[in-house]
Protein chains: 2
Amino acid sequence: MSPKPMVRPGGRSARVQESVHAAVRELVGEVGRDALTVPMVATRAGVTPSTIYRRWGDLQELLSDVAVERLRPETDPADLGSLRADLDAWAEQFLDEMASPPGRAYIRDALLGDPDGTNAGRCSAYAAEQIDAVLARAVHRGEPVPESELLIDRVVAPIMYRILFRPGRLDAAYARELVTNAVYALQIEASARPTRAAAP
Amino acid sequence: MSPKPMVRPGGRSARVQESVHAAVRELVGEVGRDALTVPMVATRAGVTPSTIYRRWGDLQELLSDVAVERLRPETDPADLGSLRADLDAWAEQFLDEMASPPGRAYIRDALLGDPDGTNAGRCSAYAAEQIDAVLARAVHRGEPVPESELLIDRVVAPIMYRILFRPGRLDAAYARELVTNAVYALQIEASARPTRAAAP
DNA sequence: GCCTAGAAGCAACAAATTCGCGTTAAGGTG
DNA sequence: CACCTTAACGCGAATTTGTTGCTTCTAGGC
């Protein structure tokens with residue numbers, strides 16, 4: 001389906017892939033994402049359109065590819081000494097990047113040209129890896145930690161849902177609030193199950 | 001941008017809109033969503049292609065339109081006598097509909113051809129309305145209720161996030177779990193703080 | 001240094017999209 | 001109720017985009 005599975009790792013194929021990706025990035029900056037066309041990208045990349053059609057199928061899958069590439073976090077989450085601080089910082093940065101206009105565009109593109117959900121899965125995996133890294137450090141420090149699934153449901157999901165479905169704005173305070181609630185749930189769980197629980 | 005904002009409410013425009021929507025629904029069933037083309041829809045609807053291009057811009061925006069129409073809930077949430085029961089039932093049905101293959105397809109389409117987020121906003125509004133209806137009934141019964149924002153963050157968002165980004169399955173137990181946790185948070189809040197009760 | 005096969009180029013073709021312009025018919029007005 | 005105004009539709013030509021069969025190239029294996 002996605003005609004891109006195994007690009008020959010080296011050689012001409014790799015050069016073409018890189019050249020096409022670069023062309024997309026340049027042209028998005030120059031003429032805007034909406035004015036892009038496959039022939040335009042092909043010309044800039046110095047390849048024939050049929051090459052792009054054969055390898056990516058259509059413009060959307062190509063853009064999806066490029067978008068996922070850009071959504072890949074390039075740095076590990078900062079280590080600020082405590083779970084809470086790490087999560088706050090990570091969530092704020094995550095929200096910032098994802099809710100920014102280019103971030104939103106990348107998310108949309110990634111979902112768009114993705115018939116089988118591969119690219120979407122990759123995006124959620126990136127977030128999960130970052131969270132796992134933070135949790136692993138906390139475990140190493142001896143702190144109690146929540147399930148990473150809980151953090152995905154309570155922090156990542158609401159942010160993404162609002163970005164995709166709701167018009168309103170998102171600020172760092174919201175990210176911290178989500179983290180607070182998630183961690184608060186942890187404290188409850190840790191202290192006692194029944195109705196009454198200690199306040200922080 | 002979306003050339004559909006003010007359709008002349010009655011008369012020819014309305015007939016064309018209905019005819020085109022119907023053509024899309026029929027053809028999706030007959031040839032499949034991926035084989036659809038604008039000229040094909042136009043022929044079936046008895047309209048010229050340029051009409052569709054002028055009014056919807058492209059196939060994606062048209063599909064987005066049709067998808068939102070289909071995502072509109074057609075019935076009020078059931079009244080089972082308690083907040084908890086109503087929420088459980090609603091969440092299960094919501095998950096069922098959204099996570100089903102056609103549901104996933106509609107969600108994707110709705111997001112896809114939606115440059116300004118109007119249609120996405122409509123989707124989230126549908127869910128919010130349903131939840132508000134459930135909450136309003138609970139308030140009327142004198143039950144303590146959570147903010148509807150909390151339910152959106154804790155129940156709707158995780159479901160939608162998983163549908164869009166994660167490969168795994170979703171079952172009714174997951175929906176109930178989300179509701180449980182959201183309502184559990186309410187109990188904590190209610191016991192730790194004084195207020196927030198009925199005021200219809 | 002050959003083979004082999006996947007990938008890219010080329011070119012002709014088919015299909016989709018855009019556009020100018022004349023026509024139709026909602027909805028408002030006197 | 002006849003008349004106007006104008007958004008929306010139809011038509012067809014012009015342009016652009018997407019597809020396909022075949023050839024040529026080259027990476028990777030022997």
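In the text below, chain A, chain B and the rest are named by the order of the sequence lines, each starting its count at 1.
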* Looking at A:Glu129 and A:Arg72, does any basic side-chain N land under 4.0 Å from a carboxylate oxygen? -> no

* Options C:dA7, C:dA16, D:dG10, nucleotide nearest the side-chain atoms of A:Ser13 -> C:dA7

* To do: Using whole Å, report how far CG of B:Leu59 lies from P of D:dT17.
  => 18 Å

* Whole angstrom is fine here: how far is it from CE in B:Met40 over to P in C:dT17? => 11 Å

* Given D:dG10, is OP1 or OP2 found less than 4.0 Å from the side-chain N or O atoms of B:Thr51? -> yes

* Whole-Å gap separating C1' (C:dA15) and CG (B:Leu36) -> 15 Å

* Asked: Rounded to the Å, how far apart are B:Tyr53 OH and D:dT16 C1'?
  -> 11 Å

* Asked: Of the candidate nucleotides C:dA25, C:dA8, D:dT19, which contains the atom at the shortest distance from the side chain of B:Arg12?
  -> C:dA25

* In whole angstroms, how far is the C1' atom of C:dT18 from the CG atom of B:Asp58? -> 13 Å

* To do: Ignoring hydrogens and angles, tell me if any N or O in the side chain of A:Arg141 forms a donor-acceptor pair with the backbone of A:Gly81 under 3.5 Å.
  => yes

* To do: Taking only the side-chain nitrogens and oxygens of B:Arg15, find out if one of them lies under 4.0 Å from OP1 or OP2 of C:dA26.
  => yes

Could you list all N or O pairs between the protein and nucleotides 11-13 of chain C that sit under 3.5 Å apart?
none

* Asked: Regarding A:Thr180 and A:Arg84, is there a side-chain donor-to-acceptor distance under 3.5 Å anywhere?
  -> yes

* Asked: Looking only at atom types and distance, does a side-chain atom of B:Asp109 sit under 3.5 Å from a main-chain N or O of B:Ala67, one as donor and one as acceptor?
  -> no

* Any salt bridge between A:Glu69 and A:Arg25, counting N to O under 4.0 Å? -> no

* Structure fact -> Here the pair of heavy atoms bringing A:Leu178 nearest to A:Arg154 is CD2-O, 3.5 Å

* If every non-hydrogen atom of B:Pro144 is compared with every non-hydrogen atom of B:Leu83, which pair is closest and at what distance? -> O-CD2, 3.8 Å

* Between B:Thr37 and C:dA16, does any side-chain N or O lie under 4.0 Å from OP1 or OP2? -> yes

* Structure fact -> When rounded to whole Å, the CH2 to C1' distance for the pair A:Trp56 and D:dT17 reads 18 Å

